[in-house]
Structures are given as structure tokens and as C-alpha cells.
Number of protein chains: 2
Amino acid sequence: MRLLVARCEIAYHGRATTSLALGDRVILFKDDGSLCVHADRGYKPLNYMPGPTSVSEDGDVIRVYRAASDETLVIVVHEVLTDERRELVDEAVLEHDGAERQWHLLLERAPEAIEVGLVVLERERFTDTGPIDLFCRDADGRTVVVEVKRTRAVAAHVEQLSRYCERVDRDPAHKPCRGILVAPEIAPQARVMCEARGFGFVELDFGVLKGEVAPELTLFE
Amino acid sequence: MRLLVARCEIAYHGRATTSLALGDRVILFKDDGSLCVHADRGYKPLNYMPGPTSVSEDGDVIRVYRAASDETLVIVVHEVLTDERRELVDEAVLEHDGAERQWHLLLERAPEAIEVGLVVLERERFTDTGPIDLFCRDADGRTVVVEVKRTRAVAAHVEQLSRYCERVDRDPAHKPCRGILVAPEIAPQARVMCEARGFGFVELDFGVLKGEVAPELTLFE
DNA sequence: ATATACATGTCGAGG
DNA sequence: CCTCGACGTGTATAT
């Protein structure tokens, strides 16, 4: 990686157009051709470019071009504060936990967290309107479609659940199915929509669920 | 800004949970409390934290806590390759030429690019279902709702246009309004939806439009 | 390739 | 606050 700290101006042209007046920034040129420009504020880069790119340098002008998307970044360097190259060895991949997929796995092990008597028939059941998170049957033998959200549920998610239920209802064997939205929180409007459409909402916290269902999986204390 | 290059392990716990095994990374600790962790590939950080945070250091363990969202990042430093502090002065703000906004402005100047005889009555007309990009009247005096997309139009965009048209149709003075989707490209399914709902689709390339309508605005070349 | 949904999405505008 | 839509969204996955 090339680590350039410099007082510079930057212009980007591609999907949008940006320009950045003179200032001090840290610029990371990575070995895969990607780069990002950071000032001393905010965690997001001021400018960036995914790899692969071609980087050319002409005096104090660095031009980065990404042919795949016809994007150009031009850096005009006014003063170099640091310019060093470092070999960074990193074979690790980021292990991720708490993604929606994991909710599905946990809920499959503990469907009673959603409702007593619920049985998960299928997880990630694919339909032509999209994948149904949990395809279930309730204590009364009725088909239940469960849509899981790891963040606050909003109107669009209720729409999503509606589509799935409508799709399932096209099969007389399942009609009329029930819909349940599972999330740690729900927006007021989404709650109203749920009630209007007869859907259930179950408030579930991932940390709590994991602790109850699979305490052996709990890392970080 | 503190610029730490180190061989380290990292754990994050907050909205999700991640862990990252030993590897060499560049870590930027910014003065506003935000930080980001970069390996030598990809333009996105492996981990990050928005400011403000409190950073505490205990031996080779750096703990970053963000109270606002109860998120924690723990860095276990195994080997320090570089650890320096730099004063970076940057008063500049990123000038951003929002693409969609430009489309609206250009189309307001040249509605005939969409349809002969079209007149733009209002741009960004706010309704309780969201903002209508271009609220227009056609050559026959009918109300027209135009939804502009700067990328390929997909099904969700047709849904969006539907909602706006339904909203406009609630007013007898405008009913029945027409809907037109404007984009550089449209997905096959979205095209079918447009036809099924009687919406028009106009294929427009921004570069071409800009060249025709406002060549004086063309920068970079 | 096309379509869909997830993301530690983030960000900003309007009500 | 809440809601919604844009983003230089990016990314993964299934058809």
C-alpha cells in the first residue's frame, strides 16, 4: 500500500462530479488498485475509487482511471507531507455475526421465540416474488409466512410480507396464510399497516435471542 | 489524526458483531472521534466507527466506545509498524454535483426531450407519498407525473411512480393523470410493469441530454 | 446477464 | 422525532 499524506486538490468525474479544494488528506493507494481519500473528520472517505484502476503520475498530478465504469479521479498535489510504501500482510477475512441469515438459523432452532407451537417447515423458501425467510405452520395447522428484519421494520417491509403472503395464498392448500413480521423494533406506520392487513408483529432482540437459544455462540462476554 | 499501522486483531460489537484475525492494517483515528480500519484491498474499511467516541488504551489493547449507539471496537495490537500523529488542515468541503438534481434542472429546461408539448408545472412537488420529480401537463392538457432515474429503472421505481399517480388521481382536477418514467435504461420486468399500468417510458442518456440542452455545462473534456 | 434483498448501510429533506 | 428516497450506494445470491 502506498500511504500518501499531502496537501492537495481533488476532482472526480464519473457517476457524479465532485471537486475538493486545497486541504491536507491521507490517501491510501491499495495494491488492488482501489484508493480512498480521508480528511481528519468523518469515517467516510471524501473520495474513493474501487479497483482495478490505472494510476498515472505526471509531475504533481496523479490521475486515477477506472475503465470499467469510465470514472476519473485527479489529484493535484501541492505539498507532500509523507509518501511511503508498505507491505501489509493480511490473510484474515472479516467474521460476521448478527446478519439476517443468522437470525434465520437461530429462529429455526427456536421458533417458539416467535410463537408457541410454531413449526418451521422451510428456511429461505424461494418463490417467484422473492425468498420467504421462514415458511411455517402454526399450532392450528395454518401456514405462516415469517419475515425477519434485523433493524427497525418499516412500511416497505410490510409490503414485502404482503407480497409473499399473496403469493402463498395463490395455493389453495395454504390459503389463508398468516403473516408475521419479526424485528427488534417497528415504525408506527408499519405497525398500523400490520394491523390493517392482519399481520402479527413480534419484537425480538438478537442479543437476547442468541443468549437464550445458543449461549455457546455468544462471544464478547 | 493518528495514523497507526499495525499487525492486530479487531473485534466489533454493536449493531452487529464482527471479528478479524491477525493481520496488517492501517488505522486512522480522526480528531472528531471517528476511525476506520483499512487492509490493503478494497476501498471499503474492514471496520469503522463514526464519531464521537471515547478511545482508551491499556497496554496493547485499544478500546473505542461510541455511547450514542452503544458500539464497541477493540483492537489488540501485536506489532506496531508505524504510529504517528499529524495535524491535517482541511477547511474545504466536497463540492458535489448531484446527478439526479442535474437531471431535473436539465429536463425542466428541455421537457420536449421527454415528450413534445410537455410543460413542467413544478419540480420536486411534495406530496404525502413523497416528492414528485416533475409535475407536468401534456399537449392535451392532461396532468403528467414524471419520475426520473439516473440509473437503470427497476420494478420498485414503477411502484414508486404508481404511488405518486394514485395520489395525484385522488384529486378530480388531475384525474386521470399519466405517468412517465425517464431513465437511461429499463429492466425488462420494469418495462412490462410500465406497459401493464399504462405508464410511458422514455430512454434518456444524461450525457447526450446535457450536450443537447446545456453544452456550456459540460466540464472535463 | 437479470432481479432481488441485505447492509454495522449512510445521508439529508420534509413534516 | 418519523418517514421517505437518494447514494459515485456496494454486495451477495438465485434465476
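Chain letters run A, B, ... following the sequence lines, proteins first and then strands; every chain starts at 1. These figures come from a predicted structure and were not determined experimentally.
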Exercise. Does a side-chain N or O from A:R101 land closer than 4.0 Å to OP1 or OP2 of C:dA5, or not?
Worked result: no
For this session: Measure from the ring center of A:H174 to the ring center of A:F135 and say whether it is less than 6.0 Å.
Result: yes
Problem set entry | D:dG10 phosphate, OP1 or OP2, under 4.0 Å from A:R15 side-chain N/O | yes
Problem set entry | Spacing of B:I10 atom CD1 and B:S19 atom OG [to the nearest 0.5 Å] | 10.5 Å
Exercise. Is A:Y48 near enough to D:dC7 that one of its side-chain N or O atoms lies under 4.0 angstrom from OP1 or OP2?
Worked result: no
For this session: Grab the CD-P distance between A:E185 and D:dT3 for me, whole Å please.
Result: 10 Å
Exercise. Within the pair B:R163 and D:dG5, is there a side-chain N or O less than 4.0 Å away from OP1 or OP2?
Worked result: yes
For this session: Look at the side-chain N and O atoms of A:Q160 and state whether any lies under 4.0 Å from the OP1 or OP2 oxygen of C:dT4.
Result: no
Problem set entry | Spacing between A:K44 atom NZ and C:dT8 atom P, to the nearest angstrom | 14 Å
For this session: Check whether any side-chain heavy atom of A:L107 lies under 4.5 Å from a side-chain heavy atom of A:V146, and answer yes or no.
Result: no
Exercise. Hey, are A:H13 and A:E71 close enough side-chain-wise for a donor-acceptor pair under 3.5 Å?
Worked result: no
For this session: May I ask you to verify if any side-chain N or O of B:K149 is less than 4.0 angstrom from the OP1 or OP2 atom of D:dA6?
Result: yes
Exercise. Do A:N47 side-chain and D:dG8 base share a donor-acceptor contact under 3.5 Å?
Worked result: yes
Exercise. Can you tell me if the side-chain N/O atoms of B:R66 get under 4.0 Å from OP1 or OP2 in C:dT8?
Worked result: no
Exercise. With a 4.0 Å cut-off on heavy atoms, is B:E147 in touch with a base, just the backbone sugar-phosphate, or nothing at all?
Worked result: sugar-phosphate
